[in-house]
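Below is one structure, written out as structure tokens; comments come after it.
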Amino acid sequence: MAQSPKVDDSGKRIPDKRFEPDEQLFRRFMRQAMSPTRPYIDLSAISLPDLSVNRSKYSRASDVVDDFPDFGVAAFLVSEIPPSQVYRGTTQFEFRAVHKPLKKNYAHSEVQCFRNGEHFSWSRDDIDDEVEEMHYRWRYRLQQVLKVVIGPPEPRDSF
Amino acid sequence: MNQKTNQGALYWIPVITRNRGDDCLYIDELPGFLVPFTAPTANDELAELVLLSDNWDGQGAPAPKTGSLEFASQILKAGREYGLQPLSVSPSAIGGVGITYAAGTREVFVEARNVGRIYSLFSEANGDDPEFLRVEIGEINEYFNRVSQYLHADPIAPVYDNICFESIT
């Protein structure tokens, strides 16, 4: 069951930095990202840098699709986040969940990438093949542990 | 009216959904809330993706741009020429279009990105590291030769040395 937001002495909401290994992280995905013939979702639903998710400590899976009727929800455990990705034996990228509450979504969190201990981000418009290789390999590893917890609705006739 | 005149099906779409960057239709003459729109590709799989706006996932995902839709269309067309039907075609959360082909335990994911690049991942359900490569649209036939060989290659037969097959009578 989702808990109430963590607050400081003045009652102001503050991030809860602690993630338990068995806490679930919810990610919504569009209907097209799932084929009826296989139980997992496409790589295209997973994005870096800073993968947006909701943490189960403060939300339910269904909260993620409240305003997104064409979407389903996939989940993974904090302990299932691929913790690191080595690129050609040299540069190591690390990944971990970070609580990033939003005004209307306290449960919002991100799986962030770190290099040499620093938050590592990159522009989606100025890409580098080496970073992309790391990116695709990590997305693939996460795809392998994602479980669909709310299936997307059947397609509707659009026109 | 400037009209896109490719060979797609004719759709009626709300004007409001077309108001985004370089993918917008230029409506000079037609009044009202609906305009005829010829999808920029002949691929039904892409028709819904054309309608997406930025932040379609509520998490900041960019809508597929014209360039990535055109690359995706060429990929789908080339795949069909090799007898390959996509398992899924979906908008990419990082901007672009993702296409998955599968056969048996093997999958090929190819993503036409908004930045004008195409990346692909060849994977097998045995847990091995997938193969990553960048694809040039000018070499799409060579790419699909490889995809086709990969997906149609006989997988290594699993060895079930702990199973004894007996006839059931």
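Just so it is clear: chains get the letters A, B, ... in the order the sequence lines come, proteins before strands, and each one is counted from 1.
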Shared hydrophobic cluster for [X] and [Y] (ILVMFWY, side-chain gaps under 4.5 Å):
X	Y	answer
A:Val73	A:Tyr106	no
A:Phe29	A:Tyr40	no
B:Ile137	B:Val110	yes
A:Val149	A:Tyr58	no
A:Ile41	A:Trp138	yes

Exercise for review: Begin with the C-alpha distance, continue with both residues' side-chain angles, and end with the deciding distance and a verdict on side chain to side chain contact (heavy atoms under 4.5 Å, CB included) for B:Glu48 and A:Arg31.
Suggested key: CA-CA 11 Å; B:Glu48 284 187 76; A:Arg31 171 173 45 79; 3.0 Å; yes
Salt-bridge contact [X]-[Y] (side-chain N to carboxylate O under 4.0 Å):
X	Y	answer
A:Arg28	B:Asp57	no
B:Glu111	A:Arg139	yes
A:Glu132	B:Arg113	yes

Measure distances from [X] to the heavy atoms of chain B and classify the residue's part below 4.5 Å as side chain, backbone, both or neither.
X	value
A:Ala45	backbone
A:His135	side chain
A:Leu48	backbone
A:Phe68	side chain

In Å and rounded to the nearest 0.5 Å, what is the [atom1] to [atom2] distance from [X] to [Y]?
X	Y	atom1	atom2	result
A:Leu43	B:Ile94	CG	CD1	8.5 Å
B:Ser123	A:Arg141	OG	CZ	14.0 Å
B:Leu133	A:Tyr136	CG	OH	11.0 Å

Review point. Is any side-chain heavy atom of A:Arg137 less than 4.5 Å from a side-chain heavy atom of B:Pro130?
Key: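 Yes, close enough: below the 4.5 Å cut-off.
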Check your understanding: Are the side chains of B:Pro91 and A:Gln32 in touch, meaning some heavy atoms are under 4.5 Å apart?
Key ->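 Heavy-atom side-chain distance check passes, below 4.5 Å.
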Exercise for review: Might you work through the side-chain hydrogen bond (donor to acceptor under 3.5 Å, both in side chains) test for A:Asp129 and B:Tyr119, ending with a clear yes or no?
Suggested key: CA-CA 9 Å; A:Asp129 282 349; B:Tyr119 293 104; 2.4 Å; yes
**Study point:** Candidate pair B:Gln59 and A:Arg27, rule side chain to side chain contact (heavy atoms under 4.5 Å, CB included), full reasoning
**Key:** CA-CA 10 Å; B:Gln59 294 163 156; A:Arg27 169 84 177 168; 3.0 Å; yes
Exercise for review: Count the heavy-atom pairs under 4.5 Å between each of B:Val97, B:Val115, B:Asp129 and chain A, then report the option with the highest count.
Suggested key: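 Maximum pair count with chain A is reached by B:Val115.
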Practice item. Under 4.5 Å, counting heavy-atom pairs only, tell me which of B:Gly98, B:Ala102, B:Ala93 racks up the most with chain A. Key: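 Ranked by contacts with chain A, first place is B:Ala93.
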Review point. Side chain, backbone, both or neither: which part of B:Leu121 has a heavy atom under 4.5 Å from chain A?
Key: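 Interface part for B:Leu121: side chain.
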Practice item. Against chain A, label B:Phe109 side chain, backbone, both or neither, depending on which of its atoms sit under 4.5 Å from a heavy atom there. Key: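 Contact with chain A: side chain only.
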Exercise for review: Please say whether more than 12 non-hydrogen atoms of neighbouring residues, nucleotides or ligands are located less than 6.0 Å from CD in B:Glu136.
Suggested key: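 Correct, the count exceeds 12.
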Practice item. Could you list which of residues 5-17 of chain A have a heavy atom closer than 4.5 Å to any heavy atom of chain B, in residue-number order? Key: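 Interface residues of residues 5-17 of chain A: none, nothing closer than 4.5 Å to chain B.
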Practice item. Identify the two heavy atoms, one from A:Tyr140 and one from B:Glu124, that lie closest to each other, and give their separation to 0.1 Å. Key: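 Closest approach of A:Tyr140 to B:Glu124, heavy atoms only: OH-O, 3.6 Å.
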